[in-house]
Amino acid sequence: MDFELNQDQDLFRRTLREFVDKEIVPVASEWERDGRYPEEIVEGFKRLGLFGITIPEEYGGLDLDRVSFALVFEEIARGWMGVAGVLGSHTLAAWMIAKYGTEEQRAAYLPDLATGARRTGIALTEPGAGTDLQGIQTRAVRDGDEYVIHGTKTWITNARHADPLPVLVKTSLTEPAHKGMSVLLVDADRGFVVSRDLPKLGYKGTETCEVVLDGVRVPASSLLGGAEGRGMQQVLSALELGRINIAARAVGVSQCAYEAALNYSRERQAFGRPIAEFQAIQLKLADMATEIQAARMLTYWAATRSEAGAVNSEAAMAKYFASEVAIRASMESMRVHGGYGYSQEFVVERLYRDAPLMAIGEGTNDVQRMVIARSLLSGAAKVGW
């Protein structure tokens, strides 16, 4: 049992941290307020090869181990959680294509996805179907050598830059819902329409959109894996990886909140001395530090376990706990800052707006608790040795 990063992981973390501190931290708050798309940061992701972190080396990717995968999102979210979204859904979609795609699909998409020449996302949620993916209404009907798609997807990250956009559809209404679902890889030139950008409390820096597919035609070869009815399985396995991504982002946000509180408490004077000398502040810092380190270890544990196979409960635990820690840490950091924590001149108010998303994205935390409980009751998971 080793609680340290190995040499390669530590070097990778240092590289990431240097990039984040130099190219993200100085501009994050200003660009977020201005609603500016972070093109320069995206170019930095390309230089570091981060668009290829879940893509095999034979297609030009980095094919990172899962702890290094988590480190990417922790470090970037420490600087600006919003721009982590540029990589988040991209890495899930690329992983799905690498794992489930036909050889032709992998060869057609993965090399460009690895470099960022192409980017992607994943279109699952609909106005009437979020947690209940089996309730989606988007249909794809086979018409000769093509599928014709009708439906609307919402809360789609990277929608304006996605090429292809993997879309979860119903290809059969006669099968049980989970067996009648498929994923189609829809190229940008096939005519899906980004109808609007969704206004958000936080998670700014990357676009989140509504996408309309009104009679969009794609070749039958766009069916992920080449066989109908496997979409639900493909998506759920990707979401397990996505929960590690979200947990790591939550750790990054929590770390930033803690560091801001620690530094401020040393600098802020009250009653003739730094507020760090007051017991009330010390207790907050101790609670934050303990919870953050627990969230980090749980996330790395889930990441390590994921390399051994399915990690439904482990990923759910990490995502659930780490996201709740992020909410608490951002709130407590704001309390330490007092009135300044409510000001846009300090980073804490952005963290406070970003943190709640992690409790909702990739399955709400109530759903994660249900996943954990069912795994325990079925014997698929256990606590302790």
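For this chain, numbers begin at 1 and follow the sequence in order.
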Can you give each donor-acceptor pair under 3.5 Å made by side-chain atoms of residues 376-385, sequence neighbours left out, with the distance rounded to 0.1 Å?
unit_1 : atom_1 : unit_2 : atom_2 : d
S378   : OG     : R374   : O      : 3.1
S378   : OG     : S375   : O      : 3.1
S378   : OG     : A380   : N      : 3.3
K382   : NZ     : W385   : O      : 3.0

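Scanning both residues, D163 and L113, for their nearest heavy atoms gives O-CD2, 4.4 Å. The shortest heavy-atom contact between G88 and T91 is O-OG1, 2.7 Å. Between E210 and L198, the shortest heavy-atom contact is N-CG, 4.4 Å. Nearest heavy-atom pair, L62 versus G49, reported as atom, atom and distance to 0.1 Å: CD1-O, 3.4 Å. Of all non-hydrogen atoms in A322 and A250, the two that sit nearest each other are O-CB, 3.3 Å. Shortest non-hydrogen contact noted between I53 and F69 is CD1-CD1, 3.8 Å.
By the 4.5 Å heavy-atom criterion applied to side chains, V86 and F51 are counted as neighbours. Proximity of M358 to M81: side-chain heavy atoms (C-beta onward) are separated by under 4.5 Å at one or more points. Taking the side chain as every heavy atom from C-beta outward, V183 and V169 never approach each other to under 4.5 Å. Residues L241 and R66 meet the side-chain proximity criterion, which asks for heavy atoms closer than 4.5 Å. You'll find the side chain of W31 reaches within 4.5 Å of the side chain of E40, heavy atoms only. Between L168 and K153 there is a side-chain heavy-atom pair separated by less than 4.5 Å. The closest side-chain heavy-atom distance from F73 to I76 is not below 4.5 Å.
Applying the salt bridge (charged side-chain N to carboxylate O under 4.0 Å, His left out) rule to K204 yields no partners; only residues at least two apart in sequence or on another chain are considered. For H161, the ring pair (Phe, Tyr, Trp, His ring centres under 6.0 Å) partners are Y37, not counting sequence neighbours. In terms of the side chain to side chain contact (heavy atoms under 4.5 Å, CB included) criterion, residue partners of D8 (sequence neighbours excluded) are, by chain and number, N6. Judged as a side chain to side chain contact (heavy atoms under 4.5 Å, CB included), and not counting sequence neighbours, the contacts of A315 are R243, I244, V311.
Salt-bridge check for D354 with R249: failed, with every basic side-chain N at 4.0 Å or more from each acidic carboxylate O. The existence of a salt bridge linking K46 and E43 is confirmed by a sub-4.0 Å separation between a basic side-chain nitrogen and an acidic carboxylate oxygen. Salt-bridge formation is detected for the pair R328/E291: a Lys NZ or Arg NE/NH1/NH2 atom is positioned less than 4.0 Å from an Asp or Glu carboxylate oxygen. Between R305 and E314 there is a salt bridge, with a side-chain nitrogen of the basic residue lying less than 4.0 Å from a carboxylate oxygen of the acidic one. The pair K284-E332 meets the salt-bridge criterion, with a side-chain N (NZ, NE, NH1 or NH2) lying under 4.0 Å from an Asp/Glu carboxylate O. Salt bridge absent: D145 and R217 never bring a charged side-chain N and a carboxylate O closer than 4.0 Å.
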Does the pair E103 and R106 meet the rule for a salt bridge (Lys or Arg N to Asp or Glu O under 4.0 Å), with working shown? CA-CA 5 Å; E103 182 51 47; R106 291 195 291 267; 3.0 Å; yes

Evaluate W95 against S237 for side chain to side chain contact (heavy atoms under 4.5 Å, CB included), listing each step before the verdict. CA-CA 10 Å; W95 180 85; S237 61; 3.6 Å; yes

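Between E74 and the choices V20, V251, L16, the side chain to side chain contact (heavy atoms under 4.5 Å, CB included) rule is met once, by V251.
In this structure, T290 contributes its side chain and D287 its backbone to no donor-acceptor pair below 3.5 Å. At distances below 3.5 Å, not a single donor-acceptor pair connects side-chain atoms of R13 with backbone N or O atoms of L5. Judged by distance alone, the side chain of E228 and the main-chain N or O of M181 form no donor-acceptor pair under 3.5 Å. With Q105 contributing its side chain and Y100 its backbone, the two residues share no donor-acceptor pair below 3.5 Å. In terms of modelled atom types and a separation under 3.5 Å, the side chain of T138 and the main chain of G151 share no donor-acceptor contact.
Relative ring orientation between F346 and H337 is described as perpendicular, the plane-to-plane angle rising above 60° on a 0-90° scale split at 30° and 60°.
The closest side-chain donor-acceptor pair between K200 and T208 falls under 3.5 angstrom. Under 3.5 Å, the side chains of Q9 and Y300 contain no donor-acceptor pair of N or O atoms. There is a side-chain donor-acceptor pair under 3.5 Å between E324 and N365.
Within 6.0 Å of CD on E39 lie more than 12 heavy atoms contributed by other residues, nucleotides or ligands. No more than 12 heavy atoms of other residues, nucleotides or ligands shown are found within 6.0 angstrom of CD on E18.
Atom CG of residue L165 and atom CG of residue N158 lie 9.5 Å apart, to the nearest 0.5 angstrom.
Taking Ile, Leu, Val, Met, Phe, Trp and Tyr as members and joining any whose side-chain heavy atoms lie under 4.5 Å apart, directly or through other members, the hydrophobic cluster of V367 also contains V371.
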